[in-house]
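Below is one structure, written out as structure tokens; the observations come after it.
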Amino acid sequence: MTLRLGAIFDSLAGEFDARLFADPTVLIDKLAPIEAAGLSELSFLSHPKYLNKLATSSAACVIVSPAMQAAALARGACIVVADPYRYFARVTQVWKQAHEPQLLASIHPSAFIDPSAQLAEGVSVGAFVCIGAGAVIGAGARLGEHCVVGREAVVGAHSRLAARVTLGDRCLLGERCILHSGVVIGSDGFGFAPHAGRWEKIEQLGAVRIGNDVEIGANTCIDRGALGDTVIEDGVKLDNLIQIGHNVHVGEHTAMAGCVGVAGSAQIGAHCTIGGGAVVLGHLHLADHVNVSASSVVTRSILKPGHYSGFFPIDDNASWEKNAATLKQLHTLRDRLKQVEKQIALQLKKTD
Amino acid sequence: MTLRLGAIFDSLAGEFDARLFADPTVLIDKLAPIEAAGLSELSFLSHPKYLNKLATSSAACVIVSPAMQAAALARGACIVVADPYRYFARVTQVWKQAHEPQLLASIHPSAFIDPSAQLAEGVSVGAFVCIGAGAVIGAGARLGEHCVVGREAVVGAHSRLAARVTLGDRCLLGERCILHSGVVIGSDGFGFAPHAGRWEKIEQLGAVRIGNDVEIGANTCIDRGALGDTVIEDGVKLDNLIQIGHNVHVGEHTAMAGCVGVAGSAQIGAHCTIGGGAVVLGHLHLADHVNVSASSVVTRSILKPGHYSGFFPIDDNASWEKNAATLKQLHTLRDRLKQVEKQIALQLKKTD
Amino acid sequence: MTLRLGAIFDSLAGEFDARLFADPTVLIDKLAPIEAAGLSELSFLSHPKYLNKLATSSAACVIVSPAMQAAALARGACIVVADPYRYFARVTQVWKQAHEPQLLASIHPSAFIDPSAQLAEGVSVGAFVCIGAGAVIGAGARLGEHCVVGREAVVGAHSRLAARVTLGDRCLLGERCILHSGVVIGSDGFGFAPHAGRWEKIEQLGAVRIGNDVEIGANTCIDRGALGDTVIEDGVKLDNLIQIGHNVHVGEHTAMAGCVGVAGSAQIGAHCTIGGGAVVLGHLHLADHVNVSASSVVTRSILKPGHYSGFFPIDDNASWEKNAATLKQLHTLRDRLKQVEKQIALQLKKTD
């Protein structure tokens, strides 16, 4: 299925101050990266460092910033706009909207919906979905196959749950959220009182509250709070296979890459980014605008915005082995260095 | 829904030697942390370091230890008991029991149960559950929606599987276990024989045996053994998104936090704790009472109880970069230090 | 159920140049590790370092290499073959084939299969499976309970999906693949354009293409590409709980252990191994035959085959604390060492 370039441009005209230097009747049959784009494909150039890819690109049209307008025109057709990357992001949305079969609002006959649940207008419910007593599903929400929505849980308007998502009892999901397959919201937090070498379960009586425009990746888990709730604020983006412990609070528009683990009661600020595989220990505070590198372990509160890292640099194995072995004596090396410094100071005194 | 303080107290009177210094007719409508507890909320104080929060708490009643009885009475109502944290854990259980709708034992009509499967009394089977040939479900067990119980698998009495749990063929689950959504028990272990640059699959012929009172977090996976079984002993608590490889043995009452990975054939003792994101390599032995810090990599057997750690300390990125770069020359730094020490020793000799 | 030793031997006679030194009528009732094998159990010895376990083994028969033939015969019955480990792998397959109830090709009546989907001969479809419009299921493929196959997705011949696998719209799976429970193929990649402190979603328009003979562990996720596709080549083996980001390319016969995270657009070569919990950052290239140790973080492209590592060595916590604290001053230690070296050089000059 193809779209006319002019149709794509027009659909975003109200949002962006963009200019089209191209024949609007050209048919676009794909969106593509600049180095791979073919003659009927639309592409973009977001960063000057890829400028060298522009001249040789076969793309039907390239979205560029004003600074690159001259170079782009020298090649051929282009769209000029202040933020080409965001413009391109919106183009992908226009593209998907046009190409994806439009799901009609419908309730699959195999779904079990408790009679006390409330479904607003335009809700789509897939095969084998279960919706518990007192649950509320907002207008236009879509529940994929095999989703389980617990008792008194709420799905906000226009939120989309992919196949096989669990939203636990009393958990709240905002509007326009996207939850991917295998997501578990509202499993019990990991809370036990030790007693005589055993673990006494602390029932997890809280819930999970998720804001609007939150996206949660496949197989990611968010535990319910022990007493209060676990809270994910508006606009948070979580990648796949992330673990969010009980009573964690994640501030607005914070993004976490895959495989991150956040332990219980951590308070993470707004506009943070957490790299893949990083771990945040429990009960810590991270200020707004903190960026944590992949695989780093946050062991103390970070109260100042900035970029923080902590992982062992990779090396060929033989070098790593030698350095790692020496690392286990680092403290004594420091003491030996101190000793050497003292001796030199003493000699310098003597020779004075 | 509220509970009378006296009713809560009475329900635990047989188990604890506790004293109630409060009006038993007071209505409690929530359990809450001490700093947040309101006028009709019950709280607890487990650690002396939070004593300063006691005096200003608005809680209807606070559970405290005998050492804090005087301070607690000075504030108002309290329950005095030797182990306030465990007492509170039991209160959460009483609370949940009273508030959760009691599920009647029932078999959902949509479930497929092989005629040769045996279900004991009081079993609850949710919508779209599949139970295989020869499976045995113990008395009072509850299988949530979409659970799949394989051929000849066993679910012990009073165990609870949340929605969407897979218990593989021939796997055994003990009594009173709790398995959260997305748990996979009995997937194939990762076993291949290399041959001419390819991997020949070693079929995984063992199973998984899980003891009593085990809790397993959302999306955690436990692989079946290659020849023998993977074994999880009584009272083990596993958090979310944990990977347990084939033929691993986890001793009684060991607890692991989220995102831990345990490679094949590792033998982990009883009463261990493994911090979030830690990795235990294959075929290692960990003694009883070993505590491993978050994100540490266990690369050798640990035969002595104790606390073990190994991860790079987090720092601001600029400092980390400088230290990480230097770390890659650490071995040569050690050699240079040695050289310096020699030279000084030589000079000292000369100047003697 | 037992198998005659001769029957096992004969079933592999066409594939291996092996010799049987044993009574072929002996009944084998289990496969077992050499140290545990009982009188009617078949075992193997793949590595000379376990030779000491041979003499005392009670196994009915042991599979050994020609180099160990004499020692094996001195003990009793054996099968001699050039690659005992691969031979044993094939024996496990023969064993499973003989013991597992043979699933008849059948479509469970509860499955929803879009009328436009195409199912080849001998396909098995479990309870509550959903197959979308235009999907193609190859001959002899088996879809476990609760699987969801999206629109226009393809499952290659003889591939097996365990219970509860999601194969997203337009994703392609090759032949003879094995996908374990909870696998999610084709969830959205993690792509957003930042704008004014928010994240604008980049719709993920690509798909996932998986080759033949690929095995994917429980709860592992593979995201669909943003514009192009995410590609997993033939023979790749992925363990449980692995995250593969969008547009990643994994070369033939590469194997990854549990909990690995591969960020978007990474290009991993053929015949690589990635240890458990390792992280590969985005847009990097790994050459063929690169081996990465567990928990290492790949932060730069690795263009040379070899073994690479990078993780902090574990130690008792007190030692670790001291060394980790010193590590945060490592750069200044290096500067101090330089200073010391200078001073010594100066003194040596003076004393010359």
Side-chain angles (χ1 to χ4, degrees), chain B residues 112 128 130 133 146 148 151 164 166 182 184 187-188 190 192-193 195 197-203 205 219 221 223 227-228 241 243 245 259 261 263 277 279 281 292-293 296-300 306-313 315 319 322-323 326-327 329-330 333 336-337 340 343-344 347 350, chain C residues 31-33 36 83 85-86 88-90 92-93 95-96 101 110 127-128 145-146 162-164 178 180-182 215 217-219 235 237 239-241 253 255 257-259 271 276-277 294-295 311-317 320-321 324-325 327-328 330-331 333-334 337 340-341 344 347-348 351:
Chain B
F112 281 101
F128 310 121
C130 300
H146 297 106
V148 176
R151 282 179 299 110
R164 195 151 68 74
T166 301
V184 179
S187 40
D188 278 354
F190 198 62
F192 302 92
H195 172 63
R198 291 154 186 266
W199 303 100
E200 186 75 60
K201 182 171 176 73
I202 298 170
E203 290 288 355
L205 304 171
N219 283 344
C221 303
D223 280 346
L227 297 173
L241 289 167
Q243 152 65 357
C259 307
V279 167
L281 297 192
V292 174
S293 291
S296 302
V297 190
V298 182
T299 49
R300 55 176 177 83
H307 182 187
Y308 297 85
S309 302
F311 58 88
F312 204 107
D315 210 340
S319 302
K322 282 194 288 186
N323 289 320
T326 311
L327 180 52
Q329 325 157 358
L330 184 58
L333 288 187
R336 282 163 55 187
L337 180 59
V340 160
Q343 290 170 320
I344 289 180
Q347 290 195 317
K350 278 186 195 163
Chain C
L31 310 181
D83 185 348
Y85 194 42
R86 184 168 72 95
F88 184 74
R90 290 287 293 123
T92 64
Q93 295 170 16
W95 192 265
K96 185 161 185 189
S110 64
F128 310 121
E145 299 89 343
H146 297 105
R164 195 150 69 74
I178 301 174
H180 291 283
S181 267
E215 184 161 347
N219 283 343
K237 309 297 178 187
D239 199 356
N240 299 350
L241 289 166
H253 307 296
C259 308
H271 304 287
S295 279
F311 59 87
F312 203 106
I314 196 164
D315 210 340
D316 64 89
N317 186 67
W320 168 79
E321 274 192 349
L327 181 52
K328 294 180 78 166
L330 184 58
H331 188 67
L333 288 188
R334 196 189 68 153
L337 180 58
V340 160
E341 287 170 331
I344 289 179
Q347 288 197 317
L348 286 177
T351 56

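In the text below, chain A, chain B and the rest are named by the order of the sequence lines, each starting its count at 1. Bear in mind that the values here come from a model prediction, so they are computed numbers and not experimental data.
Between chain C and the residues His307(B), Gln243(B), Gln343(B), Gln329(B), the largest count of heavy-atom pairs under 4.5 Å involves His307(B). Ranking Val148(B), Asp188(B), Val298(B) against chain C, the residue ahead of the rest is Asp188(B), based on heavy-atom pairs under 4.5 Å. When each of Val292(B), Val279(B), Leu330(B), Leu281(B) is scored by its heavy-atom pairs under 4.5 Å with chain C, the top score falls to Val279(B). Chain B forms more heavy-atom pairs under 4.5 Å with one residue of Ser181(C), Ala127(C), Cys259(C) than with any other, namely Ser181(C). By number of non-hydrogen pairs under 4.5 angstrom with chain B, the leading residue of Phe88(C), Phe128(C), Trp95(C) is Phe128(C). In terms of non-hydrogen atom pairs under 4.5 Å with chain C, the most contact-rich of Ser187(B), Pro313(B), Ala263(B) is Pro313(B). Of all the listed residues (Lys96(C), His271(C), Glu321(C), Lys237(C)), the one sharing the greatest number of non-hydrogen pairs under 4.5 Å with chain B is Lys237(C).
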Derivation of the side chain to side chain contact (heavy atoms under 4.5 Å, CB included) call for Leu348(C) and Gln347(B)
CA-CA 9 Å; Leu348(C) 286 177; Gln347(B) 290 195 317; 3.5 Å; yes
Apply side chain to side chain contact (heavy atoms under 4.5 Å, CB included) to residues Glu215(C) and Phe192(B) and explain how you reach the verdict.
CA-CA 11 Å; Glu215(C) 184 161 347; Phe192(B) 302 92; 3.6 Å; yes
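In this structure, NE2 in His195(B) is found 10.5 Å from CZ in Arg90(C), a value given to the nearest 0.5 Å. Put simply, CG on Leu333(C) and OG1 on Thr326(B) are 9.0 Å apart, with the number rounded to the nearest 0.5 Å. Interatomic distance, CG of Leu337(B) versus CD of Glu341(C), reported as 9.0 Å (0.5 Å rounding). With rounding to the nearest 0.5 Å, the separation of CZ in Phe190(B) from NE2 in His180(C) is 9.5 Å. Asp315(B) CG to Leu327(C) CG: the interatomic distance, rounded to the nearest 0.5 Å, is 9.0 Å. Between the CZ atom in Arg164(C) and the NE2 atom in His146(B) there is a gap of 10.0 Å [rounded to 0.5 Å].
Residue Ile314(C) forms a side-chain contact (heavy atoms from CB on, under 4.5 Å) with just one option from Ser293(B), Ser296(B), Ser309(B), and that option is Ser296(B).
Proximity to chain B involves both the backbone and the side chain of Asp316(C), based on heavy atoms less than 4.5 angstrom apart. For Ala324(C), the parts sitting under 4.5 Å from any heavy atom of chain B are the backbone and the side chain alike.
Heavy atoms only, all atoms of each residue included: Asn240(C) and Cys221(B) are closest at ND2-CB, 3.6 Å. Taking both residues in full, the closest heavy atoms of Asn219(C) and Gly182(B) are given as ND2-O, 3.2 Å, listed atom of the first, atom of the second, then distance. Here the shortest heavy-atom pairing between Gly235(C) and Trp199(B) reads O-CD1, 3.8 Å.
Counting heavy atoms of neighbouring residues, nucleotides and ligands inside a 6.0 Å radius, atom CZ of Arg198(B) does not exceed 12 of them.
Aromatic ring orientation, Phe311(B) versus Trp320(C): tilted (interplanar angle from 30° to 60°).
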